[in-house]
Number of protein chains: 2
Amino acid sequence: MSKRPPITNRVRQLREEHGGLSQAALGDIVGVTRQTIIAIEQSRYSPSLETSFRIARHFGVGLEDVFGWEGD
Amino acid sequence: MSKRPPITNRVRQLREEHGGLSQAALGDIVGVTRQTIIAIEQSRYSPSLETSFRIARHFGVGLEDVFGWEGD
DNA sequence: GGGTGATGTCAAATATTTTGGACATTATCC
DNA sequence: GGATAATGTCCAAAATATTTGACATCACCC
């Protein structure tokens, strides 16, 4: 559960669609660091459900609009 | 991000609705231990997104059909 | 050319999740 | 009464996520 999880994400696209919000700015908003956002965008590990919810809700969308399960 | 997260879950109900699947059995199926299932059902911490996806998909439902965000 | 913002990488430290094992309780079944 | 399955608790440890700080690159602007 740590080596490139089978999860896709659209964080980067959502940032761009929302006025080019920077990784650092998004991190501040959802309460994590810039590095965490980078790691999530690069699918280096799977974030906590709480962090995932915060990101989705900030963009005003559902969890599965941000994160996808490979194998669906 | 560790003291009783603002996340609700219906794991227990889903287990019961699926033939009274035990915590241990569910754990085996999704690849975590019995203790992890207990902790999740009791909202002791927020699981990884990967574990969350595995649970939801085993029951054939979406992430937000299992986990909810308090504040929605 | 010198600033600034955004992204990325690396490594080490800290925090959180997950595990493994031992033990208690309750209910059921024989 | 003894056996077994299911849930729960506690604790220590291993594994993974997250933080912090330092540094590199690229693009843009002045």
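As the structure is a prediction and not an experimental result, all values here were calculated from the model. Order of the sequence lines fixes the chain letters, A, B, ..., with proteins taken first and strands second; residue numbering starts at 1 for each chain.
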Exercise for the section: Specify the closest pair of heavy atoms between B/Pro47 and B/Ser52, including all atoms of both residues, with the distance to one decimal. Expected result: CG-OG, 3.6 Å

Handout entry: B/Arg4 versus B/Gln42, closest heavy-atom pair with distance
Key =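 It is NH1-O, 3.0 Å.
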
[X] has an atom [atom1]; how far is it from atom [atom2] of [N], in whole Å?
X: B/Ile37; N: C/dG20; atom1: CD1; atom2: C1'; answer: 16 Å
X: B/Leu26; N: D/dG8; atom1: CG; atom2: P; answer: 13 Å
X: A/Asp28; N: D/dT19; atom1: CG; atom2: P; answer: 11 Å
X: B/Ile7; N: C/dT17; atom1: CD1; atom2: C1'; answer: 13 Å
X: A/Leu49; N: D/dT18; atom1: CG; atom2: C1'; answer: 16 Å

Problem - Co-membership, hydrophobic cluster, residues B/Val11 and B/Ile38, 4.5 Å side-chain - result: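 In one cluster with B/Val11: B/Ile38, no.
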
Side-chain donor-acceptor pairs under 3.5 Å in residues 57-72 of chain B, sequence neighbours left out?
| residue | atom | partner | partner atom | Å |
| --- | --- | --- | --- | --- |
| B/Arg57 | NE | A/Asp72 | OD1 | 3.0 |
| B/Arg57 | NE | A/Asp72 | OD2 | 2.9 |
| B/Arg57 | NH1 | A/Glu64 | OE2 | 3.2 |
| B/Arg57 | NH1 | B/Val61 | O | 3.2 |
| B/Arg57 | NH2 | A/Glu64 | OE1 | 2.9 |
| B/Arg57 | NH2 | A/Asp72 | OD2 | 2.3 |
| B/Glu64 | OE1 | A/Arg57 | NH2 | 2.9 |
| B/Glu64 | OE2 | A/Arg57 | NH1 | 3.2 |
| B/Glu64 | OE2 | A/Leu63 | N | 2.6 |
| B/Asp65 | OD2 | B/Gly62 | N | 3.1 |
| B/Asp72 | OD1 | A/Arg57 | NE | 3.0 |
| B/Asp72 | OD2 | A/Arg57 | NE | 2.9 |
| B/Asp72 | OD2 | A/Arg57 | NH2 | 2.3 |

Handout entry: Axis bend over the full length of the helix from C/dG1-D/dC30 to C/dC30-D/dG1, computed from five pairs that close each end, to 10 degrees
Key = 30°

Practice task
Look at the side chain of B/Arg15 and the backbone N and O of B/Leu21, then say whether any donor-acceptor pair between them is shorter than 3.5 Å.
Solution key: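 Yes, because the side chain of B/Arg15 sits within donor-acceptor range (under 3.5 Å) of the backbone of B/Leu21.
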
Problem - A/Asn9 side chain to A/Ile40 backbone, donor-acceptor under 3.5 Å - result: yes

Exercise for the section: Give, ordered by number, those residues of residues 54-72 of chain A having at least one heavy-atom distance below 4.0 Å to an atom of DNA chain C; if nothing qualifies, reply none. Expected result: none

Problem - Contacts of A/Thr51 that satisfy side chain to side chain donor-acceptor pair (under 3.5 Å) - sequence neighbours left out - result: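 Here the qualifying residues are A/Ser48.
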
Indicate every side-chain donor-acceptor pair of residues 26-36 of chain A with a distance under 3.5 Å to a residue at least two apart or in another chain.
| residue | atom | partner | partner atom | Å |
| --- | --- | --- | --- | --- |
| A/Thr33 | OG1 | A/Thr36 | OG1 | 3.3 |

Would you tell me if any nitrogen or oxygen in the side chain of [X] comes within less than 4.0 Å of OP1 or OP2 on [N]?
X: A/Thr51; N: D/dT18; answer: yes
X: A/Ser48; N: D/dT18; answer: yes
X: A/Thr36; N: D/dT19; answer: yes

What's touching nucleotides 7-14 of chain C from the protein side, N or O pairs under 3.5 Å?
| residue | atom | partner | partner atom | Å |
| --- | --- | --- | --- | --- |
| C/dT7 | OP1 | A/Arg15 | NH1 | 2.9 |
| C/dT7 | OP2 | A/Gln23 | N | 2.8 |
| C/dT7 | O3' | A/Arg12 | NH2 | 3.2 |
| C/dG8 | OP1 | A/Arg12 | NH1 | 2.9 |
| C/dG8 | OP1 | A/Arg12 | NH2 | 3.4 |
| C/dG8 | OP2 | A/Gln23 | NE2 | 2.7 |
| C/dG8 | N7 | A/Arg34 | NH1 | 3.1 |
| C/dG8 | O6 | A/Arg34 | NH2 | 2.8 |
| C/dT9 | OP2 | A/Gln42 | OE1 | 3.1 |
| C/dT9 | O4 | A/Gln35 | OE1 | 3.2 |
| C/dC10 | N4 | A/Gln35 | OE1 | 3.3 |

Exercise for the section: Kindly compute the distance separating CG (A/Leu49) from CG (B/Leu49), expressed to the nearest 0.5 Å. Expected result: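 Result: 6.5 Å between the selected atoms.
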
Fill in the blank from the handout: CD of B/Glu41 to CD1 of B/Ile55, rounded to nearest 0.5 Å, is 8.5 Å

Exercise for the section: Determine whether B/Arg10 and B/Glu16 make a side-chain contact, defined as any pair of heavy atoms from C-beta on separated by less than 4.5 Å. Expected result: no

